[in-house]
Each structure stands twice: as structure tokens, then as C-alpha cells.
Engineer: 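One structure coming up, written as C-alpha cells, with questions to follow.
All heavy atoms count here, side chains included; hydrogens, waters and symmetry mates do not. In listed order, ligands and their atoms are each counted from 1.
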Amino acid sequence: MSLSSLFSPLRFGRYELAHRVIMAPLTRMRAGLGNVPNEHAPTYYGQRATPGGLIFAEATQVTPYGQGYPTTPGIHSPEQVEGWKKVIDAVHGKGGLIFLQLWHTGRSSHSSFQPGGVLPVAPSAIAITSGTTLTSEWRSVPFETPRALALDEIPEIVDAYRQGARNAMEAGFDGVELHGANGYLIQQFLDSRSNQRTDRYGGSIENRSRLLLEVTAALIEVWGADRVGVRMSPFGSYNDMGDPDPIGLYSHVLSRLGELDIAYAHLIEARDGAGMEIDTPQEAVDRLRPSWRKTLLLAGGFNGESADAAIRSGRADAIAFGRHFLANPDLPRRLRIGAPLNAYDRKTFYGGGAAGYIDYPALEAVST
Ligand code: 8OZ
């Protein structure tokens with residue numbers, strides 16, 4: 001099985017990718033003091049870089065108020081910019097591309113992360129009721145009820161993303177991706193379960209989409225549309241998401257993003273049917289394809305063959321791999337030659353040091 005679609009080049013905004021095996025943004029919670037990428041991060045990302053291959057760096061908070069998990073990296077201080085430069089040098093040194101994913105966790109943050117210990121912010125004062133969250137001390141606690149942003153605070157949120165985009169450019173990234181998925185601030189505005197505002201950022205689909213579109217426009221001001229993308233999880237239920245009309249909502253968002261002419265959209269496929277009458281969960285995301293004719297990345301449980309098939313059939317242009325890329329620094333090569341994959345170890349996904357981070361072997365090491 002040659003997987004020739006997966007290994008064909010792809011025009012990607014301003015760039016040309018040599019293959020379509022993309023590293024998904026992966027939270028690893030290993031940043032050091034000051035939320036600076038740690039000393040192993042250049043090795044970790046460098047191991048996963050290939051000539052003409054694309055890496056999404058992990059979700060990175062654009063402001064201290066946007067942090068929602070322990071030891072995640074930021075892009076709001078000079079020290080963080082310097083830390084990221086080393087990561088970028090390692091990726092560029094191997095001929096790869098690296099985009100930064102810009103993040104604000106909104107109501108899924110916790111006061112222990114907030115400067116001054118204030119409550120996290122959100123579109124509305126509605127707490128996440130499912131699951132628990134981690135404090136800055138790694139304690140598992142219930143979510144707090146967030147503070148609803150005042151209308152005149154929303155421009156500050158947009159400004160925080162704009163500054164994050166500028167800092168990402170100063171660091172030397174090749175582009176930026178807006179984290180609009182998984183129930184964080186941007187999706188909290190999109191989803192009517194978490195957004196019950198009565199101003200122009202709530203209510204209609206158009207109003208709930210406004211923050212995402214304003215932030216995207218700010219990123220475009222900094223980077224140009226051909227180096228900006230948006231990641232969304234239209235059918236995800238994580239963090240109490242579950243808008244009753246995901247097709248209506250996301251077809252609107254995608255149509256408007258198409259008008260902004262961004263480089264790509266990046267969608268996470270449903271792992272379950274998301275309450276829809278569909279034969280397979282994957283079909284849910286296909287219902288949005290008519291609203292997005294441009295470059296589409298898909299993510300969510302792909303292997304080499306299913307990835308190649310998705311590209312061959314036109315469902316997607318490229319596939320982002322998370323857990324397999326985490327455990328296989330040389331994933332593109334392994335898929336290309338049909339080699340077996342290292343198993344991932346969930347225990348070392350989050351936090352800790354080099355173990356489970358830079359010690360997954362490449363093929364030469366396991367095959368000799
Ligand atoms: C795993 C653990 C913490 C955060 C996401 C950024 O869900 C994350 C994340 C993933 O998008």
C-alpha cells in the first residue's frame with residue numbers, strides 16, 4: 001500500500017508542503033519557569049520535523065489570563081519568545097515548517113492561574129459541570145463559575161490574540177492557528193450552551209461567531225491570510241459543548257472564514273455521533289464540506305490508510321496526527337514505508353521531563 005495521496009505535495013497558503021502527514025497541536029504541560037518551553041522542547045519538535053513537513057506547536061496561551069492548565073507555554077513574554085526561537089531553529093534546521101496555536105482557555109481556566117487570583121472569564125457566568133479541572137498545583141477540583149466579560153472588555157481579548165500573533169512572528173514561526181476547538185474561549189462564544197449573552201456577541205449564530213471572526217481578522221492583520229488557519233471541533237462535547245445546530249453554526253463560520261481567505265480550516269472529527277442521525281461519526285464533518293471548498297485538514301484517530309483514503313476521496317487535503325506523532329518521531333517515514341508504529345504511553349502525555357517526550361525511538365534504533 002503506497003499511500004501515494006498522503007505523500008503528494010500540497011499547496012498550503014503561502015507554502016508548499018512536501019507531504020500531508022501533519023503533527024497536530026499537542027498539549028504536553030512541560031513548560032519551565034515563566035511558562036517558557038523547556039530545554040527538551042527543541043529536541044522534541046526537531047525530532048518530529050521533516051523537510052517540507054508541517055508541525056503545529058502545542059496550544060499556547062496569549063495572555064496569563066488565558067492559561068488553564070499547569071505548565072503550558074505562553075507567548076506573552078520576551079522570555080517565552082526566546083524559548084520558542086530555539087524550538088523554531090530546531091524545526092527549520094531540518095527544513096520543516098512550524099505554526100503556533102494561539103489559545104485562551106476562558107472558563108476552563110481556574111483562579112489559581114489568574115493574576116491576582118481572580119475568576120476566569122467567559123461569555124456568560126456558566127460553569128462547566130462535567131468533569132474536573134487542574135489547579136496550578138495539579139490538584140483536581142470542580143470548575144469555578146466564570147465571570148462574564150463586559151462588552152467593553154472584548155476588544156482587550158482580541159488585542160491579546162493580536163499581540164500573541166505579533167510575538168509569534170517575532171519568534172520566527174511560519175504561521176499561526178487560532179484554537180477555536182475543544183470548549184475553550186472561542187468555542188465558548190460559538191456554542192449557545194455557554195454563550196447566553198444578549199449583546200452583539202451572543203444570541204444569533206452571526207453574533208456568536210463574531211469573536212472568532214474578529215480574532216481571525218486580527219491574526220490576518222499581523223500575518224496575512226495565507227499564513228493563518230483556524231481549528232474547530234464542530235461536533236465535540238468536551239468542556240460541556242453541544243450546540244443544538246452544529247451544521248448551521250459551523251457552515252456559517254466556515255463560509256465567513258472563506259471570505260477572509262485564510263490558508264486552511266482544521267476540523268476535529270466527531271468520535272461519536274454527536275446526537276445526529278448518521279451512519280458513521282466521520283460523516284458529520286463531511287456535512288460541512290459544502291461550506292468549505294478550500295484547504296481542509298482533518299484530525300481524529302486516523303491511521304496511514306484511512307488518512308490516504310480521506311485525501312483520495314477529497315474529504316480532506318491533509319491529516320493531523322496526534323498520539324501517533326507523539327510516539328513516533330519519524331511518523332511520516334514509518335507511514336510511507338509501512339513500518340510498525342511505537343505504542344504511545346498515556347501516563348507520560350502530560351507533565352514530567354524527558355521520559356515519554358524525547359525518548360521514543362526512531363526506526364533505525366528499533367530495527368537494528
Ligand atoms: C489535553 C490536555 C489539556 C489541554 C485541547 C489544548 O484539548 C488542549 C488540551 C488537551 O485542545
Side-chain angles (χ1 to χ4, degrees), residues 22-31 35 37-38 41 44-45 55-76 80 84 99-110 112-113 120 122 128 130-141 143 161 164 168 176-191 194 212 215 229-242 265-272 274 285 297-301 320-327 344-352 356-357:
I22 294 176
M23 182 174 168
L26 296 170
T27 289
R28 305 304 309 272
M29 300 187 204
R30 282 168 164 83
N35 302 88
N38 78 12
Y44 165 72
Y45 282 108
I55 287 174
F56 288 110
E58 65 212 81
T60 295
Q61 57 266 8
V62 294
T63 154
Y65 296 100
Q67 183 178 353
Y69 297 86
T71 58
T72 53
I75 188 72
H76 50 80
Q80 292 159 357
W84 281 116
F99 278 40
L100 185 63
Q101 197 192 45
L102 301 176
W103 195 25
H104 191 308
T105 60
R107 68 175 183 168
S108 83
S109 180
H110 183 266
S112 60
F113 296 107
I128 299 173
S130 59
T132 54
T133 193
L134 289 174
T135 68
S136 59
E137 306 294 321
W138 295 82
R139 265 191 316 121
S140 198
V141 296
F143 286 97
Y161 280 100
V176 287
E177 172 170 280
L178 175 61
H179 192 338
N182 298 341
Y184 300 112
L185 184 67
I186 297 294
Q187 196 181 7
Q188 290 161 27
F189 272 83
L190 291 176
D191 195 298
S194 45
L212 180 149
V215 171
V230 178
R231 191 177 213 226
M232 294 175 287
S233 49
F235 307 99
S237 55
Y238 185 63
N239 279 331
D240 282 3
M241 292 292 96
H266 185 176
L267 301 181
I268 303 171
E269 287 201 322
R271 292 273 178 99
D272 58 41
V285 94
L297 313 190
L298 288 182
F321 293 85
R323 289 162 293 176
H324 286 320
F325 227 134
L326 180 156
Y344 51 80
D345 177 11
R346 196 174 282 282
K347 294 193 299 297
T348 53
F349 277 5
Y350 309 120
Y357 194 48

Engineer: May I ask you to decide if Gly74's main-chain N or O and Asn35's side chain share a donor-acceptor pair within less than 3.5 Å?
Structural biologist: no
Engineer: Kindly say whether Thr27 contributes a backbone atom to a donor-acceptor pair with the side chain of Glu58 at under 3.5 angstrom?
Structural biologist: no
Engineer: Heavy-atom distance under 4.5 Å between the side chains of His104 and Tyr161, does that happen here?
Structural biologist: yes
Engineer: Determine whether Asn239 and Gln188 make a side-chain contact, defined as any pair of heavy atoms from C-beta on separated by less than 4.5 Å.
Structural biologist: no
Engineer: Got an N/O contact under 3.5 Å between Tyr238 and ligand 1?
Structural biologist: no
Engineer: With heavy atoms of Tyr184 as the reference, note each atom of ligand 1 found under 4.0 Å away.
Structural biologist: 4 (C), 5 (C), 7 (O), 8 (C), 9 (C), 11 (O)
Engineer: Would Thr72 and Gln61 count as a side chain to side chain donor-acceptor pair (under 3.5 Å) if you check the C-alpha gap in whole Å, the side-chain angles of each, and the deciding distance to 0.1 Å?
Structural biologist: CA-CA 8 Å; Thr72 53; Gln61 57 266 8; 2.8 Å; yes
Engineer: Indicate yes or no: does an N/O atom of Trp103 lie under 3.5 Å from an N/O atom of ligand 1?
Structural biologist: no
Engineer: Would you say Thr105's side chain and Tyr184's backbone share a donor-acceptor pair under 3.5 angstrom?
Structural biologist: no
Engineer: Taking heavy atoms and a distance under 4.0 Å, where does His179 meet ligand 1: side chain, backbone, both or neither?
Structural biologist: side chain
Engineer: Taking only heavy atoms of Tyr350, which atoms of ligand 1 are found under 4.0 Å from at least one of them?
Structural biologist: 1 (C), 2 (C)
Engineer: Using a 4.0 Å cutoff against the non-hydrogen atoms of Ala59, which atoms of ligand 1 qualify?
Structural biologist: 6 (C)
Engineer: Which protein non-hydrogen atom lies closest to atom 6 (C) of ligand 1, naming both residue and atom, and how far is it?
Structural biologist: Thr27 OG1, 3.0 Å
Engineer: Near Asn182, which atoms of ligand 1 are under 4.0 Å from a heavy atom of that residue?
Structural biologist: 5 (C), 7 (O), 11 (O)
Engineer: Just one of Phe113, Phe349, Trp103 clears the ring pair (Phe, Tyr, Trp, His ring centres under 6.0 Å) bar with Tyr69, so which one?
Structural biologist: Trp103
Engineer: Any idea which atoms of ligand 1 are less than 4.0 Å away from a heavy-atom of Met29?
Structural biologist: 2 (C), 3 (C)
